[in-house]
Amino acid sequence: MKVLLYIYESTFINLVTMSDTLTRLEYLSGAKCFRQISEKLYIEGDKIYKEAGIDFKASWFSVYYTLVLADSPLTVMQISEQIAFSHITVKNVLRELESAELINIAPNPDDKRSKLISLAPKGRFLLRQLKPTWLAFASALKRTFQSGHPDFMNILDRIDKELDTNPIHEIVAGKTTEAVAILDYKPSLKKYFYELAGPWLSEVANGNLEAEDLDTLNNPDEAYIIQGGFLFFASYKNHIVGCVALKRLDEDSFEIAKLYINSTYRNLGVASKLIERCISRCQENFASELWIQSTMSMQEAHKLYHKLGFTDQEAPPQMQILERTEKIMCLNLS
């Protein structure tokens, strides 16, 4: 009996240990998951084109649409660079498009080793049929992707950029620096809001802090969270190095406020990560607009805002304009 009990306990312990190990290894199946989703989307896309009576394949889209947008014929290398596909993949798609008589392939007078590719008359005519189908397809994809997360496309883009910045093999080899983590507000982080943003804001305002500044710096939880907004903090190597407030303006819009990064850590992309978290939280709340107020002296910040999609706009009526504000920008999220 003792032997049987020992065997049972040993087996149970081994199973628990294996289960814990598999849980820690679950991210290894990420590539498989991406591939399965991709394959399903290609299959669904082909069904959509077939049911619409259009002789087109989902796998052709990226190459075909690149040629649609081109002002002049493109080489294989140019197409490959624009859509980040391998040369072999692009050549295979071009071969199928040529067989379907949708493209023309001509010699390149400037380089005998390459060819120039452009849409054939049949390919341009097909575009008229494809446009309404693409609009319906894109709407369906948006609904599907948002079931995973409202900011899914931006999340994918950030993963792609992270892979470029910190390749997995370098992370495994320990060759990369520690990542910046973005934290949601908790009471223990409250003091850092004033410590980070207070001195900076006082300098920007030449020591003349507005009443709104004093209230929000000392009571960020009451000023933002209780009003339906959010607070985020950036952590790097166990140090809080940045902060930002996401102020709710109304049911459908938010405003970025008090964005500050410790000057010692301004080469780590902290500001981008904080703003991206704000964008994601806006998307999660189905907001349509994200606003920001700024001064003309913050040129580097303006470049970042433009890069992330913000454009110059007139202030909305629900925004409380600060006296020092010289520039107002908005990101359309709808």
Side-chain angles (χ1 to χ4, degrees), residues 34-106 115-160 252 279 282-283 286-290 306-311 313 330-334:
F34 283 136
R35 185 173 63 251
Q36 287 178 333
I37 292 173
S38 177
E39 290 174 352
K40 288 178 182 178
L41 292 177
Y42 279 126
I43 291 172
E44 289 296 310
D46 288 342
K47 288 180 180 178
I48 290 170
Y49 292 125
K50 184 177 180 180
E51 291 174 0
I54 302 173
D55 186 14
F56 196 81
K57 294 172 64 175
S59 58
W60 294 352
F61 173 79
S62 296
V63 174
Y64 174 83
Y65 194 59
T66 300
L67 293 172
V68 168
L69 298 178
D71 296 326
S72 58
L74 301 175
T75 64
V76 172
M77 181 176 292
Q78 289 172 326
I79 296 173
S80 178
E81 290 175 348
Q82 287 190 39
I83 61 177
F85 281 16
S86 68
H87 285 200
I88 294 176
T89 300
V90 171
K91 286 182 176 179
N92 289 337
V93 173
L94 289 174
R95 189 178 298 112
E96 293 181 2
L97 288 172
E98 184 181 28
S99 178
E101 301 179 349
L102 298 179
I103 62 170
N104 290 324
I105 300 179
K115 302 289 184 180
L116 293 176
I117 300 100
S118 60
L119 286 182
K122 182 179 177 181
R124 294 193 177 281
F125 181 80
L126 184 64
L127 184 60
R128 300 177 188 177
Q129 293 178 273
L130 287 168
K131 282 184 177 179
T133 302
W134 282 347
L135 289 173
F137 196 0
S139 179
L141 286 174
K142 179 180 179 181
R143 173 181 168 179
T144 300
F145 289 160
Q146 287 188 343
S147 68
H149 192 280
D151 198 32
F152 182 78
M153 292 304 294
N154 285 327
I155 291 173
L156 280 182
D157 185 56
R158 291 195 284 274
I159 292 173
D160 188 35
D252 303 309
I279 293 172
C282 285
Q283 296 278 19
F286 299 100
S288 58
E289 296 174 336
L290 177 58
H306 280 298
K307 182 180 178 182
L308 292 172
F310 287 82
T311 57
Q313 301 280 345
C330 180
L331 176 65
N332 191 323
L333 299 167
S334 58

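These values consider heavy atoms only, across backbone and side chains, with no hydrogens, waters or symmetry-generated copies.
Other residues, nucleotides and ligands contribute only 12 or fewer heavy atoms inside 6.0 Å of the CD1 atom of Ile88. Around CG of Asp55, the count of heavy atoms belonging to other residues, nucleotides or ligands within 6.0 Å does not exceed 12. Atom NZ of Lys122 sits in a crowded spot, with more than 12 heavy atoms from other residues, nucleotides or ligands closer than 6.0 Å.
With hydrogens and angles ignored, the 3.5 Å screen pairs no side-chain donor or acceptor of Ser288 with any backbone N or O of Leu333. Remark: side-chain polar atoms of His87 are not paired, donor with acceptor, to backbone N or O of Lys91 under 3.5 angstrom. A donor-acceptor pair is defined here as one N or O able to donate and one able to accept, closer than 3.5 Å; such a pair exists between the side chain of Asp46 and the backbone of Ala58.
Summarising the geometry of Ala52 relative to Thr133, their closest heavy-atom pair is CB-OG1, 4.1 Å, with the distance given to 0.1 Å. Considering all non-hydrogen atoms of both residues, Gly53 and Gln129 come closest at O-NE2, 4.4 Å. When all heavy atoms are compared, the tightest approach of Leu116 to Pro73 is CB-CB, 3.8 Å. For Ala100 against Trp60, the heavy-atom pair with the smallest separation is CB-CH2, 3.9 Å. Pairing each heavy atom of Ser59 with each of Tyr42, the nearest pair is CA-CE2, 3.5 Å.
Rounded to the nearest 0.5 angstrom, Leu67 CG and Ser62 OG are separated by 11.0 Å. Summarising the geometry, atom CD1 belonging to Ile105 is positioned 12.0 Å from atom OG1 belonging to Thr75; distances are rounded to the nearest 0.5 Å. Going from atom CD of Gln283 over to atom NE2 of His149 covers 8.5 Å, rounded to the nearest 0.5 Å. Note that OG1 of Thr66 and CD1 of Ile79 are 6.5 Å apart. Values are rounded to the nearest 0.5 Å. The distance from the OG1 atom of Thr311 to the CG atom of Leu331 is 8.0 Å, given to the nearest 0.5 Å. The distance from atom NZ of Lys47 to atom CD of Glu44, rounded to the nearest 0.5 Å, is 5.0 Å.
One finds no salt bridge joining Arg95 and Glu98 here, because no Lys/Arg side-chain nitrogen approaches an Asp/Glu carboxylate oxygen to under 4.0 Å.
Residues Trp134 and Tyr65 bring their aromatic ring centres within 6.0 Å. Between Phe56 and Phe61, the gap from one ring centroid to the other reaches at least 6.0 Å.
By the 4.5 Å heavy-atom criterion applied to side chains, Gln146 and Phe152 are not counted as neighbours. With contacts defined as side-chain heavy-atom distances shorter than 4.5 Å, the pair Leu126/Tyr64 qualifies. Using a 4.5 Å cut-off on side-chain heavy atoms (C-beta onward), Leu74 and Ile117 make no contact. Leu119 is not listed as a side-chain neighbour of Leu127, based on a closest heavy-atom distance of 4.5 Å or more.
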Go through the steps for Lys57 and Tyr49 under the test side-chain contact (heavy atoms from CB on, under 4.5 Å), then give the verdict.
CA-CA 7 Å; Lys57 294 172 64 175; Tyr49 292 125; 5.9 Å; no
Could you go through Thr144 and Ser147, starting from their C-alpha distance and side-chain angles, then the distance that decides it, and tell me whether this counts as side-chain hydrogen bond (donor to acceptor under 3.5 Å, both in side chains)?
CA-CA 5 Å; Thr144 300; Ser147 68; 5.9 Å; no
Assess the residue pair Met153 and Phe145 against the criterion (side-chain contact (heavy atoms from CB on, under 4.5 Å)); give the C-alpha distance rounded to whole Å, side-chain angles, the decisive distance to 0.1 Å, and a yes or no.
CA-CA 8 Å; Met153 292 304 294; Phe145 289 160; 3.6 Å; yes
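Asp151 pairs in a side-chain contact (heavy atoms from CB on, under 4.5 Å) with only one of the listed residues (Leu156, Ile279, Asp157), which is Ile279.
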